[in-house]
There are 2 protein chains.
Amino acid sequence: MGETIQSVERAAAILRLLASGPRQLGVAELAKALGLPKGTLHGILRTLVRVGFVEQDLATGKYRLGATLLHLGSSYLDVNELRTRSINWADALAGRSRESAWIGTLHEGHVLVIHHVFRPDDSMQTLQVGTYLPTHASALGKVLLAHDPYGEAPAAPLRAYTKATLTDPKALETELDQVRARGWAAEREELTEGEVAIAAPIKDARGIVVGAIGIRGAVERLAPDGALHMEYVSYVRDAARAITRALAR
Amino acid sequence: MGETIQSVERAAAILRLLASGPRQLGVAELAKALGLPKGTLHGILRTLVRVGFVEQDLATGKYRLGATLLHLGSSYLDVNELRTRSINWADALAGRSRESAWIGTLHEGHVLVIHHVFRPDDSMQTLQVGTYLPTHASALGKVLLAHDPYGEAPAAPLRAYTKATLTDPKALETELDQVRARGWAAEREELTEGEVAIAAPIKDARGIVVGAIGIRGAVERLAPDGALHMEYVSYVRDAARAITRALAR
DNA sequence: GGTCTGCGTTCGGCATTATCGAACCGCTCT
DNA sequence: AGAGCGGTTCGATAATGCCGAACGCAGACC
């Protein structure tokens, strides 16, 4: 492998640090975190400010992410083929199921949400596009893990979001076997109390799983008597198959 | 002013070029556009790929934006104070007016949409957060231009989106005077045939306009008899004032 | 109110670092 | 079969960005 440009890599590390928390960071904090001299960081920060990737708080002098990144991020959505080809199917899925629909991809060990359709008749929800979901505690994540060509084991300690979260790697592996066998995944209050999700894999022309689509909603609607209503499962699988077909040509 | 780091600036220029169109770009194209040797660009691109800001098409070798940018962009939303403080008011505005609500800021000569609430009971719409609106052909843009402290004249040739778009700089200036005088702006089918918008300014603690909030909807509902229904205007102005108050403390 | 600690910022010498252009390879189209 | 066009590699060169010490300004703390 070839070499990589130092300053660009450092700039990226700064941006990732600034994105990791809602707090603004100062030069000194960044210097400590990255193990670099303050002067070096200041030079990179000055450049990042000039190109709009970072903004500086005039009062405190601390740094935060800049507005240009928001626009770059939304440009990514236009470029992403999986998203543009599947938007219509996600709408249809949300309409049929009357639940919120989600599309995600595996990215750096998380599920990156690349599309999100609100539940019909219930629009006051915050949009989740661009956010991460945990792989081991979401239906989308289970689907993506189960079909991950690299078979990355999910990051070591599985965080418990609720009492139902699968925290034992062996239990998760069993679950993934099941997902592979039946072709879809469920998640029952493993991420948020009272919410249930269903997801199925989307494959590209070569048959490789490139994403997952699913729905998420209240346990009372999706699994009222403790068991999933299978019609929801077929809605999700229909949508996944339709997108897979669309990607094939 | 101090110096800036060459390679980081070039990396930013590459990202902006990749974001400027939905097309993937090759090394040669980028080299021509930026007037740099291919080898130089390749080095930067290799680094950008490694940090996930750019992805390379395995088939064609061309480059496109990467998924990490989507996540960074959504992180910006968490950091942006204007947005976090005004989300609830935007929801309320959408609820009262039963139209879609929008919040935007001035950014590099455009209106950057930082929040967007769908119209109630009509959720199958695509989200516009992160996209640009033209300043001269949107209600949000007129408000922001009218109160821009730097008074940047809108970029030279005013593009006509519909027959009603204000393309004459003098006409626009007159309109902006009116916006300043009455404290809100309207846009009647100047961006999209059949759609009307209303917006009002949001000020920070120092009284400087930092953003705008507004609604957008079908002309039949907002201005049925050719004249704007003034109750919509008061909904918007109420929301703007409420946010301004919230930012004051 | 004075000191002190911490911040962001500036500066210039040094050598590390990225730049550059030519050469390379695989592909497509002629 | 060749030419032309992609993306990629490579190594010499000197320009480049790195670093650490010094600066000025706050605010905190006696």
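Side chains included, hydrogens not; waters and symmetry mates left out as well; all remaining heavy atoms used. Numbers restart at 1 for each chain; the letters A, B, ... are given by sequence-line order, proteins then strands.
- Residue A:Tyr63 places none of its side-chain N or O atoms closer than 4.0 Å to OP1 or OP2 of C:dC7.
- Of the N and O atoms on the side chains of A:Thr4 and A:Glu9, at least one donor lies less than 3.5 Å from an acceptor on the other residue.
- Position along DNA chain D of the nearest nucleotide to B:Lys32 versus B:Gly43 favours B:Lys32 as the more 5'-ward residue.
- Each of D:dG20, D:dT8, C:dG8 was ranked by its minimum atom distance to the side chain of B:Val27; first place goes to D:dT8.
- Defined by atom type and a distance below 3.5 Å, a donor-acceptor pair is present between the side-chain atoms of A:Thr68 and B:His107.
- Distance CG (A:Leu45) to P (D:dC19): 14 Å, rounded to an integer number of Å.
- In this structure, A:Ile5 places its CD1 atom 18 Å from P of D:dA15, rounding to the nearest Å.
- Of the N and O atoms on the side chains of B:Ser7 and A:Ser7, at least one donor lies less than 3.5 Å from an acceptor on the other residue.
- Per the geometry, CG belonging to B:Leu30 stands 15 Å off C1' belonging to D:dT8, to the nearest Å.
- Counting non-hydrogen atoms under 4.0 angstrom, A:Thr40 reaches a base of the nucleic acid.
- Rounded to an integer number of Å, the gap from A:Leu34 CG to D:dC19 P is 11 Å.
- Here A:Gln56 reaches the OP1 or OP2 of C:dT9: one of its side-chain N or O atoms lies under 4.0 Å away.
- Of the possible polar contacts, one joining the A:Gln56 side chain to the A:Gly61 backbone as a donor-acceptor pair under 3.5 Å is found.
- When the P atom is used for both C:dG12 and C:dT16, the distance is 22 Å, rounded to whole Å.
- If you measure from atom CG of B:Leu36 to atom P of C:dG21, you get 10 Å, rounded to the nearest angstrom.
- The distance from atom CD of B:Glu9 to atom C1' of D:dA15 is 16 Å, rounded to the nearest whole Å.
- Nearest-nucleotide assignment on DNA chain C puts the 5′-proximal partner with A:His42, out of A:His42 and A:Gln6.
- Partner of A:Leu72 under the side chain to side chain contact (heavy atoms under 4.5 Å, CB included) criterion, out of B:Leu72, B:Leu18, B:Leu15: B:Leu15 alone.
- A donor-acceptor pair shorter than 3.5 Å cannot be found between the side chains of A:Glu187 and A:Ser138.
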Using atom names, set out every protein N or O paired with an N or O of nucleotides 22-30 of chain C below 3.5 Å, distance rounded to 0.1 Å.
none

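- The CG atom of B:Leu58 sits 16 Å away from the C1' atom of D:dG6 (whole-angstrom rounding).
- Between B:Lys62 atom NZ and D:dG6 atom C1' the separation is 8 Å, expressed in whole Å.
- Between A:Tyr76 and B:Glu55, some side-chain heavy-atom pair lies under the 4.5 Å cut-off.
- Close to D:dG17, at under 4.0 Å from its OP1 or OP2, lies no side-chain N or O of A:Arg10.
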